[in-house]
2 protein chains.
Amino acid sequence: MGVATSDFLSGPALPPAMSTLVADRLREMITRGVLAPGERLKETELAESMSVSRGPVREAISILERDGLIELQRHRGARVITLTYDDIEEVYSLRLAIERLAMERCAARITAETLAAMDEVIARMKALTGPHESGDHVALDLEFHDLVYEAADHTRLRRSWELLRGQVSMFLNARTDREDFRSSAWSEHAELREVLAAGDPAAAATAIEKHIGWTLRRIRQMRDTDLDQPAAGPLSGPGPEGKTGL
Amino acid sequence: MGVATSDFLSGPALPPAMSTLVADRLREMITRGVLAPGERLKETELAESMSVSRGPVREAISILERDGLIELQRHRGARVITLTYDDIEEVYSLRLAIERLAMERCAARITAETLAAMDEVIARMKALTGPHESGDHVALDLEFHDLVYEAADHTRLRRSWELLRGQVSMFLNARTDREDFRSSAWSEHAELREVLAAGDPAAAATAIEKHIGWTLRRIRQMRDTDLDQPAAGPLSGPGPEGKTGL
DNA sequence: TGATTGCACATTGTCAACAAGAAACAATTT
DNA sequence: AAATTGTTTCTTGTTGACAATGTGCAATCA
């Protein structure tokens, strides 16, 4: 983290755009289940509650639609997506395809700094024993994989990951509450770290196939049994109707 | 094409949104090189020339930014991207990763209708001999691969392809004018069609690795020689400055 | 003459009002 | 009573004006 050179020269000096702030807040609310699947996002309502006009809200909604977190229907507004197991199968099969590339490139470019950052994340995972805030498990899991994508040094690959990340987060947050999907077993990520440290792209690809493949197979099992059931419901909040506090 | 059942019931009854129309027009102009890399897109100017207000233009620009065709800088506006060989390497390496998945799924789900559509595209490719409109070659090439993604029946995969498609188009359009990058050899696509018809996912994956891998290797060669040169310049039009007719 | 500072212009970010379409409800008809 | 139709209300799509920021030129000073 701490870059030595004066932060105020490199950092974005200008206040971040309203639209991104709004989008970030909404994304957080959606992935953590505060806004339930199916719930409608009304522009006026959001604009009011965030003390901003409809313009930025509209852009934020457009961003979230790109991230695959909400569905847009012309003249009918935006709703939080409902993830079925078919959807999750899509997310994870695509994730496997792109993360293979990410791991290959990460292994080829890995630096001591990245490895250190990974170690730190793994240490924090290890520290989380027992039934802690499940959100923390998920956050750390994703943080690790963010590092992989970052180290892969591939702009378009990172953007593709952004397309999936929110939906993965949604799924994991909903899952780890109910049953253990063993999403953040620290030892698995430690294994990934070791393979990356070795610097062998082929081995890294194999490792991620194992890591994600396990979940993917499990998802396919669920899909074939609980046919068409939503895979990521609200944590505990209300259903499609009923205001969830903004 | 011709679906028997009344088209006016199935099709989108409502006029398409202005923003998508604007986006489509701009995308076409960018990928075909009418708008040169580096050229600025001024909201007011575009709004005026398309007889629409700045709102829809702004949304269109946001869409094109998502497609990776333009770069946005806060308070500094939008410019058409300049594709270096490093960029193209990114595009094609990622394309290989996702199209592998597309081919696998396509092979597993292929229908007679899809095969027929592919045959039709291949026939049109075959018909284009000699130095025809190079744009047509590129368009047919992409059309074939669109069919693959369509048949793969995977929403998120298709969206990832949309993220790359415009940049692939930009690159091919710029390339085929100068030297033959053999982008649309009909026989290659005929081979892909045959593999898909056989219905073997593994074979399909291997086939696309060969198909795209060839170009990818060639791109890496170019990158390592013509270091940092733009890979997709304007066809013939003016550079960053100078109005290119709207 | 060269660099720097201040000012005017151009362009984007944001806002508030208007127009068009969709959803919910009530009245009407069979 | 059920279904249909017309009306009202709500929400989004679009527009034009205003505020904030960046850019380039010109005047000023060393």
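Remember, predicted model here, so these are calculated numbers, not experimental data. Below, read A as the first sequence line, B as the second, and so on, with proteins coming before strands; counting in each chain starts at 1.
The side chain of B:Arg76 contributes no N or O atom lying less than 4.0 Å from OP1 or OP2 of C:dT11. Neither OP1 nor OP2 of C:dG21 sits under 4.0 Å from any side-chain N or O of A:Arg74.
One interatomic measurement links the two molecules: CD of A:Glu43 to P of D:dT14, which rounds to 11 Å at whole-angstrom precision. Rounded to whole Å, the distance from CD on A:Glu59 to P on C:dC15 is 11 Å. Rounded to an integer number of Å, the gap from B:Glu48 CD to D:dG16 C1' is 14 Å. The nearest whole Å value for the distance from the CD atom in B:Gln73 to the P atom in D:dT21 is 17 Å. The CE atom of B:Met18 sits 21 Å away from the P atom of C:dC18 (whole-angstrom rounding).
A salt bridge between B:Arg156 and A:Asp87 is present, with a side-chain N of the basic residue lying under 4.0 Å from a carboxylate O of the acidic one. Salt bridge A:Glu162/B:Arg66: absent, no basic N to carboxylate O contact under 4.0 Å.
Out of C:dG13, C:dA23, C:dC15, the shortest distance to the side chain of A:Ser53 is found at C:dC15. In this structure, the nucleotide among C:dT12, D:dT15, D:dT11 sitting nearest to the side chain of A:Arg40 is D:dT11. You'll find that the side chain of A:Arg58 is closest to D:dT14, out of D:dT14, C:dC15, C:dT14. Checking C:dT14, C:dG13, C:dC15 against every side-chain atom of B:His75, the shortest atom distance belongs to C:dG13. When each of D:dT11, C:dT12, D:dG13 is scored by its nearest atom to the side-chain atoms of B:Lys42, the top-ranked nucleotide is C:dT12.
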### Message
Show, in sequence, the C-alpha distance, side-chain angles and deciding distance for A:Asp141 and A:His137, and conclude whether the side-chain hydrogen bond (donor to acceptor under 3.5 Å, both in side chains) test is met.
### Response
CA-CA 6 Å; A:Asp141 187 342; A:His137 281 283; over 6 Å; no
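With rounding to the nearest 0.5 Å, the separation of CG in A:Leu94 from CZ in B:Arg105 is 9.5 Å.
Counting distance only, with no hydrogens placed and no angle test, the side-chain atoms of A:Arg54 and the base atoms of D:dG13 include a donor-acceptor pair under 3.5 Å.
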